[in-house]
Amino acid sequence: MNTSDTSSCWELLPAGIREQVDGYVLQDARFQAIHVVFSVGRALGLGLNDAQHVVHDRYLHHGDRVARTPDSPLDPESLAALAAGCPGRVVAIEAEWDGDTVHDWFVNLRAVTADPEGEHPLATIYWGTAERYLGEEGDRAGGHPSAVAADRCGRALAAHLSVPFHFADPDTPGGT
């Protein structure tokens, strides 16, 4: 779909729906915006891909006005503070692939605790988060940036806490 196609799709939507979608976009609520465009657009012949493209165009249109959801902190001090706040004793740090239609593949970093047993989210490492964390150095060892960042910060945190680090399959998004 080209820009003129998404513009015509946008114009098909009633003004109130366009205002609602822009409101969601400005709040960085991408899923809600896509849901509204898709729900209303179905009757107009728009599919899910059309809805995603329309919302993407609205993000481009609003640019810096979008109140972006902040990245998870990946610095050792912040991760250690988050781990210290977990109920129970941290016994391991784990990284696991996840994905969705908006962010593609990403990695969740979590603390595993005992007494009480549980898993506690520490960070979600999206592609963009990973690239900002890794910087311009380009040292990604040929891997997915999210996996490289999760491996680095996860290992550093685990070493700091003197617990094991586990990332089942850092080379294969979604695991095997």
Side-chain angles (χ1 to χ4, degrees), residues 24-35 38 48-49 51-53 55-176:
Y24 281 135
V25 167
L26 289 167
Q27 295 172 28
D28 200 19
R30 186 180 301 263
F31 283 127
Q32 290 92 332
I34 291 170
H35 175 74
F38 179 62
L48 181 57
N49 283 338
Q52 290 173 318
H53 287 290
V55 169
H56 176 74
D57 267 12
R58 299 315 294 167
Y59 268 82
L60 295 176
H61 171 79
H62 289 295
D64 290 341
R65 292 182 52 216
V66 176
R68 301 277 180 188
T69 303
D71 289 340
S72 293
L74 301 180
D75 63 283
E77 297 81 18
S78 296
L79 290 172
L82 289 166
C86 293
R89 179 175 47 89
V90 176
V91 295
I93 301 297
E94 289 187 344
E96 183 175 68
W97 286 105
D98 200 351
D100 61 38
T101 57
V102 173
H103 301 101
D104 198 24
W105 290 109
F106 53 90
V107 177
N108 289 314
L109 192 66
R110 63 179 171 256
V112 178
T113 59
D115 308 319
E117 288 184 17
E119 295 181 354
H120 309 279
L122 299 175
T124 300
I125 308 170
Y126 300 111
W127 186 292
T129 305
E131 287 189 329
R132 285 184 285 281
Y133 170 75
L134 296 170
E136 306 258 339
E137 67 195 48
D139 179 20
R140 293 183 174 64
H144 190 290
S146 297
V148 174
D151 188 71
R152 282 191 194 165
C153 66
R155 285 186 190 285
L157 176 60
H160 175 77
L161 299 175
S162 299
V163 298
F165 173 71
H166 181 350
F167 193 167
D169 195 352
D171 297 325
T172 308
T176 53

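Residue numbers start at 1 and run along the sequence shown.
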Problem set entry | Candidate pair Asp151 and Phe165, rule side chain to side chain contact (heavy atoms under 4.5 Å, CB included), full reasoning | CA-CA 9 Å; Asp151 188 71; Phe165 173 71; 3.6 Å; yes
For this session: Start with the C-alpha gap between Thr124 and Thr129, add the side-chain angles, then the distance that decides, and say whether side chain to side chain contact (heavy atoms under 4.5 Å, CB included) holds.
Result: CA-CA 8 Å; Thr124 300; Thr129 305; over 6 Å; no
Seminar exercise, completed: Leu82 and Pro73 have their tightest heavy-atom pair at CD1-CG, 4.4 Å
Problem set entry | Nearest heavy-atom neighbours spanning Phe106 and Asp100 | CE2-OD2, 3.6 Å
Exercise. Do Ile34 and Leu48 pass the side chain to side chain contact (heavy atoms under 4.5 Å, CB included) test, and can you show the C-alpha distance, the side-chain angles, and the key distance before you say yes or no?
Worked result: CA-CA 8 Å; Ile34 291 170; Leu48 181 57; 3.9 Å; yes
For this session: Keeping to residues at least two apart or across chains, list the salt bridge (charged side-chain N to carboxylate O under 4.0 Å, His left out) pairs with something in residues 117-127.
Result: Arg110-Glu119
Exercise. Okay, side chain of Trp97, backbone of Trp105: is any donor-acceptor separation there less than 3.5 Å?
Worked result: no
Exercise. Of all heavy-atom pairs between Cys86 and His120, which one has the smallest distance, and what is that distance?
Worked result: SG-CB, 3.5 Å
Exercise. What pairs with Asp71 under salt bridge (charged side-chain N to carboxylate O under 4.0 Å, His left out), at least two apart in sequence or on another chain?
Worked result: Arg132
Without placing hydrogens or testing angles, list every side-chain donor-acceptor pair under 3.5 Å for residues 25-32, not counting sequence neighbours.
| from | atom 1 | to | atom 2 | distance (Å) |
| --- | --- | --- | --- | --- |
| Asp28 | OD1 | Tyr59 | OH | 2.8 |
| Asp28 | OD2 | Thr69 | N | 2.7 |
| Asp28 | OD2 | Thr69 | OG1 | 3.0 |

Exercise. Any side-chain heavy atom of Arg152 within less than 4.5 Å of one from Leu134?
Worked result: yes
Exercise. Between Ala147 and Pro170, which heavy-atom pair has the shortest distance, and what is it?
Worked result: CB-O, 3.3 Å
Problem set entry | For His35, all residues meeting side chain to side chain contact (heavy atoms under 4.5 Å, CB included), sequence neighbours excluded | Ser39
Seminar exercise, completed: What one should report as the nearest heavy-atom pair of Ile125 and Cys153 is CD1-SG, 4.1 Å
Exercise. For the atom pair OG (Ser78) and CG (Leu122), what is the distance rounded to the nearest 0.5 Å?
Worked result: 11.0 Å
For this session: Mark yes when over 12 heavy atoms from residues, nucleotides or ligands other than His160 sit less than 6.0 Å from its NE2; otherwise mark no.
Result: no
For this session: Check whether any side-chain heavy atom of Gln52 lies under 4.5 Å from a side-chain heavy atom of Phe38, and answer yes or no.
Result: no
Exercise. Where do Leu109 and Phe167 land on the side chain to side chain contact (heavy atoms under 4.5 Å, CB included) test, with the steps shown first?
Worked result: CA-CA 9 Å; Leu109 192 66; Phe167 193 167; over 6 Å; no
For this session: Could you list the residues that satisfy salt bridge (charged side-chain N to carboxylate O under 4.0 Å, His left out) with Asp64, not counting sequence neighbours?
Result: none
Seminar exercise, completed: Sorted by chain and residue number, the side chain to side chain contact (heavy atoms under 4.5 Å, CB included) partners of Ala168 (sequence neighbours excluded) come out as His166
Seminar exercise, completed: Looking only at heavy atoms, the pair that brings Ser146 and Tyr126 closest together is OG-C, 3.3 Å
For this session: First locate atom CD1 of Ile93, then atom CG of Leu157, and finally report the distance between them rounded to the nearest 0.5 Å.
Result: 4.0 Å
